[in-house]
Participant: 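Can you read through this structure? Questions will come right after.
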Amino acid sequence: MIKITFPDGSVKEFNKGITIEEIAGSISSGLRKQSVAGYVNGELYDLNRPIENDGTIKIITKKDQEAFSVLNHSAAHLLAQAVKRIYPNAKFGVGPDIREGFYYDIDAGEVIKEEDLVKIEKMMKRISQEQTVITRSELPKKEALEFFKDDKYKVELISDLPEGEVISLYNQGEFTDLCRGGHIGSTKNIRFFKLLSLAGAYWRGDSDRDMLQRIYGTAWFSEDDLKRHLQVLSERKERDHRKLGRELKIFELSADAGQGLALWLPAGYTVRKVLEDYVYKLEKKAGYLHISTPMLGTKKLYEISGHWDHYRENMFPVMERDGETFVLRPMSCPHHMIVYKSSLRSYRDLPIRYAEIVTQHRYEASGSLSGLERVRAMTLTDAHIFVREDQIKKEVLDAYNLILQAIDDLGLKIEYIELALRDKSKGKFHNDDKLWEMSEKLLIELLAEENIEHTVMVGEAAFYGPKIDIQVRTAMGHVITMSTVQLDFLLPERFDLNYIGSDGEKHRPVVIHRGLISTWERLMSILLEQYKGAFPTWLAPVQIKVIPVSLEAHGEYAKKLNDLFIDYDLRSELDMREEKLGYKIRDAQTLKIPYQLVVGDNEVNDDKVTYRKHGSKEQVTVLVDDFISMVQKEIIAKGK
Ligand code: TSB
Ligand code: ZN
């Protein structure tokens, strides 16, 4: 007999070899049905793994967070088993559970196509109905290597484990996988699942190694939960900026133009221009000075700044001509340092805030490129603020607050604030411990003093200093950085920046790097997703669509209206195509134009307009002047 201690402290005796499922069953049959796995002495145990010794137990039920992981991890094995049945030569990389499901990286010996997922899913269903028990066994490393000798990926994974490690295997029917475990006892417990998509994935994320195929799926405990999740996924797909960008003709990506090199179409460019004006005014009010610097710099400039040592991986290759060496800039900071140096500075001049809408290029890994979200040519709402040490906190805080104001004006939702620090063990950061300690401490203090709730990420700092990043969630569910404030003691040193202090001596300024609302590319992806393509009126590429009921009878008045709106700086368009009225209205709706104006007899006779606001079914008739001032007010208030 063994003694099992429950979370409430009570102790019960059971036969040696009892399982979580049986213990749950001894309490109630309801609990048995709800049980998924458990913790024995803190170790994750399968539903049916025999418990051999005394210990504490915690049963994981379907309601617990970990239950979803266990189920999905087991579903990944089920997927691999099904693939192996269909593709007997298949070899397997890794197959973990993830936030919303699971995946498995597979080399099937032939290419799996999107349409093959249906047949793989059917096979999974069949294996689930076979009700195969999932059992754990253990092997010494040497024997495990022998067991998996035909699967080079598994061999590599096992080889990386420490000598003497006991390796656990999981078996279900004819299929055995290398796995740490936490499984759900039987394939019969994996019933509600769906295979979702197929992607390429390099073995161990290394682009120099084999490309495997990654199959994504999701598994749930009930049909309803699965259905609900699939609904969420389909809504998300509708919100995906890549889809909306195509439908609304915002941008184009073409293999011929180059991957990650986005082309802005008229509608997208209009929004970008509006945003540019907006940023210019906002920065003017906040005391920024606007400058313009080139996209190209000498290699030497980036050697001085340290980008060459710490950021070269992300840079396009150098260009050489007539003995000169140039690089396409990945950031504007070095140029801004030179601008600072263009005059003698006194302590009274500081802070100096240089802002620029900066076009820059980064060589991002091709697998990481994603629509407008991560590109290789990008234009950043950038600034570098030069301050004295006693001005750091105030200027960081002001920059941060300006960012919050911009995000509020744009009506965007922040996921969380992140403090990104250095990982000392990594070589990508400059290595002056004193500067790092000083700058990290400053940001930590500031966030505490201002009660700014945040998460800390070690290793995500810039190579020159720590940063406060403002994170948003994308439609596809991952988190990206929108805005950033970064503290930098390094570049002033590297560029030997000075100002004359009140003591008449030379002092070093400190630099704050600030990305206001990201790059136009990433910002556009965020706007499209958060607004589902329906831009607020002040940002909309076209604000008003004027549609005459009959070209002949109402075309002239419609044109007069359209011209008037344009004179009032409203972005209005006239639809004079020889199409049916219904078609034109639908078209304006598809393009999510805020105001659709249908012009018929009533309007012509009474100097009125009848409009319909996007998203509303209601038709409203008002005097032309009232309509104009209503839209103007809405634009100035940014819809707030
Ligand atoms: C803020 N030197 C600083 C600048 O002064 C800098 O470049 N910081 S950065 O590297 O963090 O980039 C600024 C912002 O650009 C990021 O916060 C992110 O919003 C955006 N960005 C970065 N890489 C990409 C990319 N590949 N595609 C689109 N936007 C990007
Ligand atoms: Zn910078």
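Remember, it's 1-based here, ligands and their atoms both numbered in the order they're listed. Numbers here simply count residues along the sequence, with the first being 1. Below, all heavy atoms of this structure are taken into account, side chains as well, without hydrogens, waters or symmetry copies.
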Participant: Taking the six-membered ring for Trp, are Tyr280 and His290 ring centroids under 6.0 Å apart?
Facilitator: yes
Participant: Are any of the N/O atoms in Met482 less than 3.5 Å from those in ligand 1?
Facilitator: yes
Participant: For atom 27 (N) of ligand 1, what is the closest protein heavy atom, and at what distance to 0.1 Å?
Facilitator: Val375 N, 3.0 Å
Participant: Measure the distance from atom 3 (C) of ligand 1 to every protein heavy atom, then report the residue, atom name and distance (to 0.1 Å) of the closest one.
Facilitator: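 Atom 3 (C) of ligand 1 sits closest to the protein heavy atom Tyr464 OH, 3.3 Å.
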Participant: At less than 4.0 angstrom from any non-hydrogen atom of Gly515, what atoms of ligand 1 do you find?
Facilitator: 1 (C)
Participant: Give me the ring orientation class for Tyr531 and Phe535: parallel if the planes are under 30° apart, tilted from 30 to 60°, perpendicular past 60°.
Facilitator: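 Correct class here is tilted.
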Participant: Check this for me - ligand 1, His384, N or O atoms closer than 3.5 angstrom, yes or no?
Facilitator: yes
Participant: Can Glu235 and Arg239 be counted as an ion pair, charged N to O under 4.0 angstrom?
Facilitator: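 Salt bridge flag = no for Arg239 with Glu235.
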Participant: Run the salt bridge (charged side-chain N to carboxylate O under 4.0 Å, His left out) test on Lys467 and Asp469 for me, step by step, so that the C-alpha distance in whole Å, both residues' side-chain angles and the decisive distance to 0.1 Å come before the verdict.
Facilitator: CA-CA 6 Å; Lys467 51 185 187 155; Asp469 280 349; 3.2 Å; yes
Participant: Arg362 versus ligand 1: do any nitrogen or oxygen atoms come within less than 3.5 Å of each other?
Facilitator: yes
Participant: Which residue owns the protein heavy atom closest to atom 15 (O) of ligand 1, what's the atom, and how far is it?
Facilitator: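 Result: Leu380 CD1, 3.6 Å.
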Participant: Are Phe489 and Glu389 side-chain neighbours, meaning at least one heavy-atom pair lies under 4.5 Å?
Facilitator: yes
Participant: With salt bridge (charged side-chain N to carboxylate O under 4.0 Å, His left out) as the test, would you mind laying out the steps for Asp398 and Lys394 before giving the verdict?
Facilitator: CA-CA 6 Å; Asp398 284 356; Lys394 177 174 185 306; 2.6 Å; yes
Participant: Just distances here: any N/O of Thr484 and N/O of ligand 1 closer than 3.5 Å?
Facilitator: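 By distance alone, the answer is no.
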Participant: Would you check if the side chain of His513 reaches a backbone N or O of Cys333 as a donor-acceptor pair within less than 3.5 Å?
Facilitator: no
Participant: Please test Ser572 against Gln543 for side-chain contact (heavy atoms from CB on, under 4.5 Å), starting from the C-alpha separation and ending with a verdict.
Facilitator: CA-CA 6 Å; Ser572 180; Gln543 295 166 321; over 6 Å; no
Participant: Considering only protein heavy atoms, which is closest to atom 29 (N) of ligand 1, and at what distance to one decimal place?
Facilitator: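 Of the protein heavy atoms, Thr519 OG1, 2.9 Å lies nearest.
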Participant: Can you tell which of Thr293, Thr359, Asp382 makes a side-chain hydrogen bond (donor to acceptor under 3.5 Å, both in side chains) with Ser332?
Facilitator: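 The side-chain hydrogen bond (donor to acceptor under 3.5 Å, both in side chains) with Ser332 is passed solely by Asp382 among Thr293, Thr359, Asp382.
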Participant: Look only at the side chain of Thr381 and the backbone of Ile517, and say whether a donor-acceptor pair between them is shorter than 3.5 Å.
Facilitator: yes
Participant: Heavy atom to atom 16 (C) of ligand 1, shortest distance: which of Asp382, Thr481, Leu516 holds it?
Facilitator: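 Looking at heavy atoms only, Thr481 sits closest to atom 16 (C) of ligand 1.
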Participant: Does any N/O atom on Met378 come nearer than 3.5 Å to any N/O atom on ligand 1?
Facilitator: no
Participant: Under 3.5 Å between some N or O of ligand 1 and some N or O of Gln360?
Facilitator: no
Participant: Is the shortest distance from a heavy atom of Phe463 to ligand 1 less than 4.0 Å?
Facilitator: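 Per 4.0 Å heavy-atom rule, Phe463 does not contact ligand 1.
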Participant: Considering only the protein, which heavy-atom contact is closest to atom 11 (O) of ligand 1, and what is its distance?
Facilitator: Gln486 NE2, 3.3 Å
Participant: Nearest protein heavy atom to atom 26 (N) of ligand 1, by residue and atom, and its distance?
Facilitator: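 Of the protein heavy atoms, Glu364 OE2, 2.7 Å lies nearest.
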Participant: Could you tell me whether some N/O pair between Glu521 and ligand 1 is separated by less than 3.5 angstrom?
Facilitator: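 No, there is no polar N/O contact under 3.5 Å.
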Participant: Within the structure, does Ser518 bring an N/O atom to less than 3.5 angstrom of an N/O atom in ligand 1?
Facilitator: yes
Participant: Taking both backbone and side chain into account, is any N, O or S atom of His384 nearer than 2.8 Å to the Zn ion (ligand 2)?
Facilitator: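 It does: His384 brings an N, O or S atom closer than 2.8 Å to the Zn ion (ligand 2).
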Participant: Whether Arg345 engages the ring of Tyr340 as a cation-pi pair (distance to the six-membered ring centre under 6.0 angstrom, angle to the ring normal within 45°) should be assessed.
Facilitator: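 Yes, Arg345 lies over the aromatic ring of Tyr340.
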Participant: Quick one: does Glu373 get a heavy atom under 4.0 Å from ligand 1?
Facilitator: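 For ligand 1, residue contact (heavy atoms, under 4.0 Å) with Glu373 is present.
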Participant: Can you list the ligand 1 atoms lying under 4.0 Å from a non-hydrogen atom of Cys333?
Facilitator: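 Listed by number with element, the hits are 2 (N).
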Participant: Restricting to N, O or S atoms of His513, which is nearest to the Zn ion (ligand 2)?
Facilitator: ND1
Participant: Please evaluate residues Glu283 and Arg353 with respect to the criterion salt bridge (charged side-chain N to carboxylate O under 4.0 Å, His left out), reporting the C-alpha separation (whole Å), side-chain torsions for both, the decisive distance (0.1 Å), and the verdict.
Facilitator: CA-CA 9 Å; Glu283 287 177 338; Arg353 309 180 192 89; over 6 Å; no
Participant: Suppose we call two aromatic rings close when their centres sit under 6.0 Å apart. Are Tyr104 and Phe92 close by that rule?
Facilitator: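 Yes: the rings meet the under 6.0 Å criterion.
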